[in-house]
Every structure is written in C-alpha cells, then in structure tokens.
Amino acid sequence: MTDKAFVYVVDDDEAVRESLAFLFETAGLATLTFSAAEGFLQAYQADVPGCLVLDVRMPGMTGPELQAEMARLGIDLPIIFLTAHGSIPLTVKAIQAGAVDFLTKPVDGQMLLERVQASVLLSAEKLQRGRESLALRNRMATLTEREREVLMLAVEGHSNKEIARRLGISFRTVEHHRSHIMLKTGVCNLLKLARLFGERRE
Amino acid sequence: MTRTKAILDSALCGIITIDQRGTIESFNLTAEHIFGYTSDEVLGRNISLLMPSPYSEEHDGYIAAYIQTGQAKIIGKGRQVLGLRKDGTTFPMNLGISESRMGSLRFFTAVLTDITTVKKVLADLSESEAFAHAVLNSMSAEIAVLDREGRIVAVNEAWRRISEQGEDDWDGHGRNTHVGLNYLQVCRVSVGKNSEGAKEAHDGILAVLEGRVPSFNLEYPCLIKGKLRWFTMNVTPLGGERGGVVVSHTDISERKWAEDSVRESEERLSLVLEAAKIGTWDWDLRTDNIYASPRFMALFGLPSCANWNFEGFMEVLYPEDRESVSLAIATALEGREDYQVEMRTVWPDGSLHWVASRGRVYFDAAGQPVRMSGAALDLTENKRVERQLRERQMEAENYMRLCVANQTIAAIAHELNQPLNAIASYSAGAVRLIKAGNPPLEKLSKALEQNAKQALRAGQVIRELLDFLRGNETTKEMFDLNQIIRQTVNQMQKDGLLDQFKTTLELADTLPPVQANRIQVEKALVNLLRNSIEAMSGPGLENARLWVIAGTAGQDGFAQVTVRDSGPGLTEESIKLVFDPFYTTKPRGLGMGLAISRALIEAQGGELWAEQSEGNGAVFHFSLPVALESAS
C-alpha cells in the first residue's frame, strides 16, 4: 500500500460527511470532504491514489452527473455510490458507467471501510502501472527505427536468424541491436519486454 | 133504381148528364161522393151549381154557343177544370164530355174524376225529385246513375262539370261522360290508355250490376294538372224494379296526402327510432296491455310479444331494480313527475344490460291515468364506457397517489437514512478505535455525541411525518354526523363509485352532534368506503352491498359509525395487519388508507377498529366524541 492516499467524500449532508471522515480516519485514510461536486473537482489530485465516496442526490450536480463529468475529464478514480434511497435502474446505470459499488444508506461502517480500502489499493495499483507504462514509453522513444523493427519481430517470437533474413542484415547486427534495446529500455530479457510491450499495445 | 143507374153508380168516375139547357138529369153515386150532394139535391137544377165562379155564370153561354155554332171546346177532348163542392170548396178534376141525341133532344154526359190526390201525389213527386236532385247536386262527389246496361241515366252537377271540362283521356271519373253514354263502354275503351283502374272499374261495376257483389270500391290515382290526386269510386246498387247502380267518385287527395304524410312521418320516426335503437312502449292502464315495439323487447333480450303486461315487464327486470321502477311508475301515475328510470335486466343468455326509459302518463277528463307511454334506450354500452372511464380515472388517481407516495416515501427514507448512516459510520469508527486499543477518548466521545444527535434528528423526522399525516392544524367543530355521512355517500354516488352496490344508510335520528374536524372525519369515511368498494370489486356485482350505520350503540359519550360490506371480509390474520402502513392485499394499493384513517380518527379523540367477520364482509367501526354541550 502506498503511503499517501486520499478518500474524497462528496455528500450534501454534513453529518454523513463528518461521520464518514471519522470512520475512514480511524483506518489512517486521509479524508477530504465536500458538500458539492465542484469542490471535489477543484481539489482532486490525479497523481495521488484514492477513492470517491459519492452521494447520489445532491443539490447542484448530482452523483451520476459528477461521474459523467469525471469520465469526460479522464479522471480515473474508483467511485463508491452511497444513496439514501436506492433504485435498481439507477444502480445499474452507475455500475455500467464504471462505479465500483452502489450502496444504500445506512451502510455498515466496517464494510464500507473495507470497500474503500480495496478501492484505494486498486487506485494505487492503477496509478503505479500507469507510471511504469509511462516510463517504458519514454524509454521506447529513444530506440532507433531499426531497433524498433528488430524489437517488433523479436516480440512476435522470431529468432535472430529469421530477423536477420527478414531485415536483410547480418546475424551479428541483429544481436547488436538487441543488446542496445535491452540497454535502452532497462529490461533484462525479451520475455519481460514482450509483456511490457503487450501492455503498451493494449 | 133503374138498371142504368145501378151501372152508373158502380162506375169509379162521377157521371152526370144534363140536357141542352144545362139541367142535371142524372147524378151517380161517385158524383155524390165527389161533390158532397145527394142526387135528390141536384137533380133538376142547373149544372152551374157544381162550378166555381166565373164558370158557373158562363156555363149556359157555353152550351148555347155550342148548339148554335157546333164548335166544341171540351166535348170529345177532355180537360182539367175546377169543381165546386157543396161545402163551397173547389177541387181539380178531369172532365170529359160526350154528346148524345135522342131525336131532337140533345144530352150531354160528363165523366169526371177528382184528381186532388193525384195532383198532390204528382206535386209531391216532383218536389221530392227536385229535392233529390238538389241533394245530389249539392254533393261534391261526382255521382252518376247507370241503368241495367250501364248507360248513364242521370248525373249530378259535379259530374256534369267534370264531364264538360272533359279531356280526351279517361281518368276514371266522368270525363266526356254524359247522360246517354254507356259508362261500361267508356271504361272498356279506356283500358290500356294510361288509365289506371279502368279495368278494375269496369269489372267492379259489372259485378255490382249483375248482383255478384253487394258493392264495389276502388281507390285510384289520377294526374290532374300535373298533380297526382287520389279518388275513390263507389258503386252501389240502386235497388228497386229498375235496377242499375249509382257510381260516385270522390276526391280523397287531401285525406290521402294527410295519410301519406302521417305514414311518412311515422316511417321517418320509426327509421329514426330504429337508427337510434330506441324502443317505444305504450301501456293501456285500463286493460293492462303493453304495446312494446320490437326494439323495446330487444332491449330486454326478448322476441316481440303482442300480449305484454305490467307483470311481464316486472319479471324481466333485475330483481333489485323492481322496487325503484315500481316507485317511479307510481310517482308518474300520481302525476307528480314524468317517468324516468334506469334499470337493469338479465338477458336470457345471462348477460346483464342497462336500460334507460322515459315516459309520460295521460289522464282522462276526470284526472284518472289511462295511458302511459314512452321510449327506452340501451345504456349498457354507456355504462360500460362510463365505468371504464371511471376505472381509468381511479387508476390514474391511484397511480398519481402511488407516485406521490413513492416520492414521499423516498423523501422520508432520505431524511431518515442520513442520520442513520451517520450513526452507523460513527459507531463503526468508534468500535475500530476501541478494538485498536488505547482509544483516544476525545474522538470516542465526539462520535458518541454525534450519534445521540443523529438519533434525535431521526426522531424529529418521524414526528414531522406524523404531523404531516394528521394535518397539523385541526380545528374541531360541532356537527351532525348523519349529515356528513349522507353528503359523503351522495357525493360518491354522484361520482358513480357506488353504481354497482346497493348502499343502505341506517342513521339514527337521535344521533347527537359530534365534536371533531369535519374534513378529517369525511376523509376517514371516504377511505373506509373506498376500501370496501375496492374489496368488492373483485367478485363482480353479485349482490354487492354496502351499509353505513350510525348510532350511539358503543361507548357512552361517543357516536359510532359502522361501515360494512359484503366483500370477502377480514381473516384473523389480516385483522392484525390491516391498519399497518403499507399493508395491502390489493395489487395497486398503497396500504396507507386505513393507517391514515385510523390516525385521522384518533386525532379526533375517537377510535377506528375492524371486526373479525370472515366470509361475512368486512366491518369497520369508528367512534367520535359527542359534543360536550349536547352530551351533558
């Protein structure tokens, strides 16, 4: 678990906000509370893992509206909806739009806390993967045209000999390119490279 | 008496002989009767004795002139002259005179007959003939008398006029037909010449002439001056020795047109009635015979019936409606108001139909009702549409109520769940702190304080809800409970909610006024009635009944109202739950009606409870405090 994480609570009811903050903080989770969606959008920090506990019915922007807005803005944060009166269509819609959970008040505090913790973990992992992916992309950018061609064929499972034949270069030159690729990307074997590459291509 | 005299006396004529000087020589018995003289009185006297002036003075001169000139004025000719009786009266007589000679002596014999009677008969005869003529001529009908052969022997003025105006075509009555023509011939010639009825007329006249039929009548149309007119021809035998017939033509166009227009309007009326599916009936109160049009019978699913009466009519009515229909008839017969009812009837195929009927009673000069007639219409479709409309309205209303209730419930849930959620969160957090060991007391106490606060907040929400349901500001007043019950039931009847139920009110006259909020009591009563109606809407309308009973049967100082129905009733199980909010047996029900009603009645200081009556219909009672002033 990362050291730093934020639980955002957006609910127009003060008692709900305060009680949730109290609960989450007992688990050492830094909790930021907002009475409206706009406050959250301003305070959100993309580089910190976290979780959003979101009320459905609020004056101003509603929970589902905020969900849509976040998708539009590319904010990738797990959302746990809390509603005082659940309806199945609303639940389905929210889950389809990517919500992690849709819970009806009053919610079992311990259960909610566990869901929040799980969501924060998820968020942290995602963030971490995002970071690694970004680093790889940056390293890949340093490869030459020929090195990328060699890498592509190698990832597809071709032997050095085959690569040499296809590209019309010598076996040794292929070997030479491969060592350069490993040096530049900091990957020790092609298997790992293939995995990273696969992720990137997703 | 000489033989000659005996002969003379036996003659039917009066016979008198005179000599050339005019002296009466013989005077027979008949002459005695005619003149009133005996022969002794006149024999030897001058004949002028038997004549009125001036003949009596001149008679001697007549004889002298004849003897001298030989020129006879009467002799051998006979003439009518006046005679003079002994009593001085004169009379007409036929006189014939003959001359006879005996040597140089001349005798004159007068043969005379009293023609008074004959003249009178003749006068009478010509008078009656003129009368008959006048009568005939005064008639507008065209009349002709035909002899045995069909020849026209006499016509009246009307016939003559038509005959003189004559056109070429025979038009059935008298054109170019005048005395002397053979009417049968006229008819024969006209057959086939665009003259309707000529053949029938001919055959008919012939039949009467030949005595084959007692009389003959023919109605025929005739185009006159571009207008179709109607005539009737009557042929009746003349009778008597002469035989023959009287033919008369009467213009019946006016009557015919009137008949046509009556028939047309009747046809039009019956078309309209048929198109509108209106049945008609006409009840003769003296014979108790009901004429009912086929359409009327069809309204009751019955075939046409010629002999229908009141009893038969009552039999086809739905039993529950017989009383009200009888009452409406009785009221109409008393002349108080027109008859106007809606009734149900079960057709032979078992289906139930509604019929609306209106009618009026007709009274004779003495004010006695003699006849009642009216029209009726099938209301089944209207009723069905009405009911459907009402059901849709109720559905829509229910849906609205459901929506409102859903929103209300959502709002209540929201308001309650917020503090509950806060309590849950604080509690879970506090438990975590304690379990972690060495809990920060300040934080714990904050959580508990918040918990207490949120619990109170939840309580407040519930209190506000109850206040809302009861209606916060309830002003109580003194009012007549019976009146409210009647108004409420009337209003529901007007709204058509009670159409399918026989509703009975049993309201004690002695019911004292109660002290309560009128609107809330009304609301509770409506809820109870609606509850009953909905409970009975399942099994259909088989004798569905509803009672509202008001009295002081219950607790002292309280009026008690009972609403009872003939629905499925309440089981021991349901009676415990029936007042719970959101308890309902109905698919679309809210389950709030009875809960709210109970709250409303309790807010008045009364009670609302149900009686266990499974299989006997549901029974609900509520009590309301009697107003203090009247209770004391």
Side-chain angles (χ1 to χ4, degrees), chain A residues 7-33 35-36 51 53-59 62-64 80-91 101-118, chain B residues 399 402-465 468 581-582 590 592:
Chain A
V7 179
Y8 304 93
V9 173
V10 181
D11 196 309
D12 63 325
D13 192 284
E14 193 196 346
V16 171
R17 283 199 307 272
E18 294 306 312
S19 63
L20 289 176
F22 175 82
L23 174 64
F24 299 149
E25 275 162 8
T26 62
L29 288 164
T31 307
L32 301 173
T33 61
S35 61
C51 166
V53 176
L54 181 58
D55 188 18
V56 171
R57 201 160 78 167
M58 288 182 293
T62 66
I80 295 172
F81 273 104
L82 280 192
T83 177
H85 51 96
S87 83
I88 290 167
L90 201 62
T91 311
D101 251 322
F102 200 100
L103 305 172
T104 303
K105 294 175 187 172
V107 180
D108 180 326
Q110 187 57 39
M111 183 200 74
L112 177 61
L113 181 59
E114 284 162 15
R115 299 282 173 93
V116 167
Q117 283 172 326
Chain B
Y399 181 71
L402 208 62
C403 284
V404 169
N406 273 338
Q407 280 175 5
T408 311
I409 289 165
I412 295 166
H414 190 263
E415 287 308 302
L416 271 177
N417 284 332
Q418 301 288 47
L420 289 177
N421 196 68
I423 290 167
S425 301
Y426 276 125
S427 304
V431 168
R432 283 181 57 81
L433 287 177
I434 292 165
K435 278 187 176 165
N438 196 17
L441 290 177
E442 203 181 317
K443 277 193 172 180
L444 272 184
S445 90
K446 185 198 160 203
L448 289 174
E449 272 166 30
Q450 284 300 320
N451 267 359
K453 207 165 138 191
Q454 293 305 315
L456 291 178
R457 178 182 161 194
Q460 183 61 28
V461 169
I462 290 166
R463 223 173 0 263
E464 278 169 12
L465 169 67
F468 167 75
F582 308 110
L590 273 186
M592 287 299 278

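Only a predicted model underlies this, so the values are computations on that prediction, with no experimental measurement involved. We name chains A, B, ... by the order of the sequence lines, and we start the count at 1 in each one.
- Listed options Pro106(A), Ala27(A), Ala15(A), Gly109(A) were ranked by heavy-atom pairs under 4.5 angstrom with chain B; first place goes to Pro106(A).
- Contact count versus chain A (heavy atoms, under 4.5 Å) is highest, among Lys453(B), Glu415(B), Gln418(B), for Gln418(B).
- At a 4.5 Å heavy-atom cutoff, the contact between Leu20(A) and chain B is made by backbone and side-chain atoms alike.
- At a 4.5 Å heavy-atom cutoff, Ala21(A) makes no contact with chain B through either its backbone or its side chain.
- Comment: Asp11(A) engages Lys105(A) in a salt bridge, judged by a side-chain N to carboxylate O separation of less than 4.0 angstrom.
- Under a cut-off of 6.0 angstrom, the local environment of CD in Gln460(B) is crowded, with over 12 non-hydrogen atoms contributed by other residues, nucleotides or ligands.
- In this structure, a donor-acceptor pair under 3.5 Å is absent between the side chains of Asn421(B) and Ser19(A).
- Judged by distance alone, the side chain of Thr31(A) and the main-chain N or O of Leu29(A) form a donor-acceptor pair under 3.5 Å.
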